[in-house]
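Presented below is the structure to which this report refers.
Predicted model, so just to flag it, every value in this text is computed and none were measured.
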Amino acid sequence: NNNCWINKFYDDHNIFIHSYNKDSFARYRYFNKDSFFKESFFKDDLLDLGYSTCNKNIYYVGICENEIIDKLLFKIKKNNNKPKMVIYLTVENHIPIDLEYNKFLKCQNYTLNLHPQFCALFNNQIKFNESLNKFIKKLDKDDLLIFFSDTPPLFSKRDRIHFEDKIDVLFFEKN
C-alpha cells in the first residue's frame, strides 16, 4: 500500500534462510499461504538436508554459516532462472560465543583485546567474509547482494561503544 521497493519482488521466487530455529523471535509468522516467501530454510530443514551445526555459540547453536554460503546459496542460485530474493539471517556471530571453541585465537591489538568476545567475533567474521567473498566473485550480472550488519545487542552499554550505532548496508553487484 505504501509503494515500498520490496513490493516489486513479490512475484519472484523469494527465499528466507535462517541458520537457527524457526520459532526464534516467532519467525514462523512470516510464512502462510499468501507469504512473500515461497521457500524457507531453518536449522531443522538444513539438518534434514545434511548440514552441520557449529558450536561456536553457547546459546544459539545453528547451522555452520560457511556451509550455507558455500553450498546452499550456490545451489539456490543455480536452481532455476526465475528471479529470486534471498533473505539470509546468520547466528554464528551472535554473542556469547563459545570461547573454549575459540581458545586458539590470539588478539593482542586494541580493541580486540578489550574483551574475549571481541576477538572471537572478529575471527568468526573473517571466516564468514572469506566465504562471502567467494560467493560475491560468482555473482551473475543481474545478481544483487545486500549485506546488513548489526551491533551485537548483548554487550554492556560500556562495551557497545566500540561498535557503530548505525547498521551498515552494503550492496554487491557485477558491473
Side-chain angles (χ1 to χ4, degrees), residues 15-27 30 40-47 49-77 85-140 143-175:
I15 302 166
F16 185 87
I17 303 169
H18 190 15
S19 55
Y20 195 56
N21 301 330
K22 192 175 201 171
D23 59 349
S24 173
F25 297 102
R27 289 200 170 98
Y30 302 133
S40 65
F41 296 92
F42 287 90
K43 179 180 171 182
D44 287 341
D45 304 313
L46 295 167
L47 285 172
L49 293 172
Y51 288 82
S52 306
T53 58
C54 284
N55 294 322
K56 295 176 188 172
N57 191 295
I58 296 171
Y59 297 119
Y60 310 107
V61 176
I63 300 299
C64 302
E65 307 297 354
N66 64 317
E67 283 191 44
I68 292 172
I69 294 174
D70 296 343
K71 296 177 187 176
L72 184 62
L73 290 185
F74 280 104
K75 180 181 174 185
I76 288 169
K77 187 173 171 359
M85 173 182 264
V86 178
I87 307 288
Y88 167 33
L89 302 180
T90 64
V91 74
E92 211 169 284
N93 273 356
H94 283 248
I95 61 169
I97 293 175
D98 183 357
L99 295 176
E100 182 63 27
Y101 178 86
N102 290 292
K103 67 183 174 189
F104 61 91
L105 302 175
K106 303 287 186 234
C107 294
Q108 284 84 14
N109 297 337
Y110 181 82
T111 60
L112 296 179
N113 63 2
L114 289 177
H115 195 292
Q117 293 287 324
F118 288 5
C119 180
L121 281 171
F122 175 78
N123 283 281
N124 282 351
Q125 190 65 50
I126 292 297
K127 290 177 195 169
F128 180 86
N129 289 355
E130 288 170 353
S131 289
L132 187 63
N133 189 42
K134 289 177 192 171
F135 184 76
I136 290 169
K137 288 178 179 180
K138 299 287 186 181
L139 289 176
D140 292 329
D143 291 343
L144 172 65
L145 174 67
I146 305 170
F147 182 87
F148 294 83
S149 67
D150 66 359
T151 300
L154 296 178
F155 280 122
S156 69
K157 191 171 192 166
R158 177 182 59 95
D159 286 334
R160 278 193 309 239
I161 65 166
H162 301 291
F163 295 91
E164 295 286 331
D165 283 340
K166 302 173 192 165
I167 293 178
D168 295 319
V169 181
L170 307 172
F171 293 81
F172 300 91
E173 62 183 336
K174 283 251 171 109
N175 293 329

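For the pair K134 and F74, the tightest heavy-atom approach, listed with the atom from each and the gap, is O-CZ, 4.1 Å. Residue L89 comes nearest to H18 through the heavy atom pair O-ND1, 3.0 Å, listed as atom of the first residue, atom of the second, then distance.
Summarising the geometry, atom CG belonging to L49 is positioned 11.0 Å from atom CG belonging to D44; distances are rounded to the nearest 0.5 Å.
A 6.0 Å sphere centred on CZ of F122 holds no more than 12 heavy atoms belonging to other residues, nucleotides or ligands.
Here the side chains of L46 and E67 are not in contact, with every heavy-atom distance at 4.5 Å or above. Residues I17 and L73 meet the side-chain proximity criterion, which asks for heavy atoms closer than 4.5 Å. The closest side-chain heavy-atom distance from E130 to N66 is not below 4.5 Å. You'll find the side chain of I63 stays beyond 4.5 Å of the side chain of F41, heavy atoms only.
Using modelled atom types and a 3.5 Å distance limit, the side chains of S131 and E65 yield no donor-acceptor pair.
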### Message
Applying side chain to side chain contact (heavy atoms under 4.5 Å, CB included) to L72 and Y88, what does each step give before you reach the verdict?
### Response
CA-CA 11 Å; L72 184 62; Y88 167 33; over 6 Å; no

### Message
Checking D45 against K22 for the side chain to side chain contact (heavy atoms under 4.5 Å, CB included) test, could you report, in this order, the C-alpha distance in whole Å, the side-chain angles of both residues, the deciding distance, and whether it holds?
### Response
CA-CA 9 Å; D45 304 313; K22 192 175 201 171; 5.6 Å; no

### Query
Could you go step by step and tell me if I69 and F128 meet the side chain to side chain contact (heavy atoms under 4.5 Å, CB included) rule?
CA-CA 9 Å; I69 294 174; F128 180 86; 3.3 Å; yes

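Using the six-membered ring where Trp is involved, F42 and F16 have ring planes that are tilted, between 30° and 60° apart.
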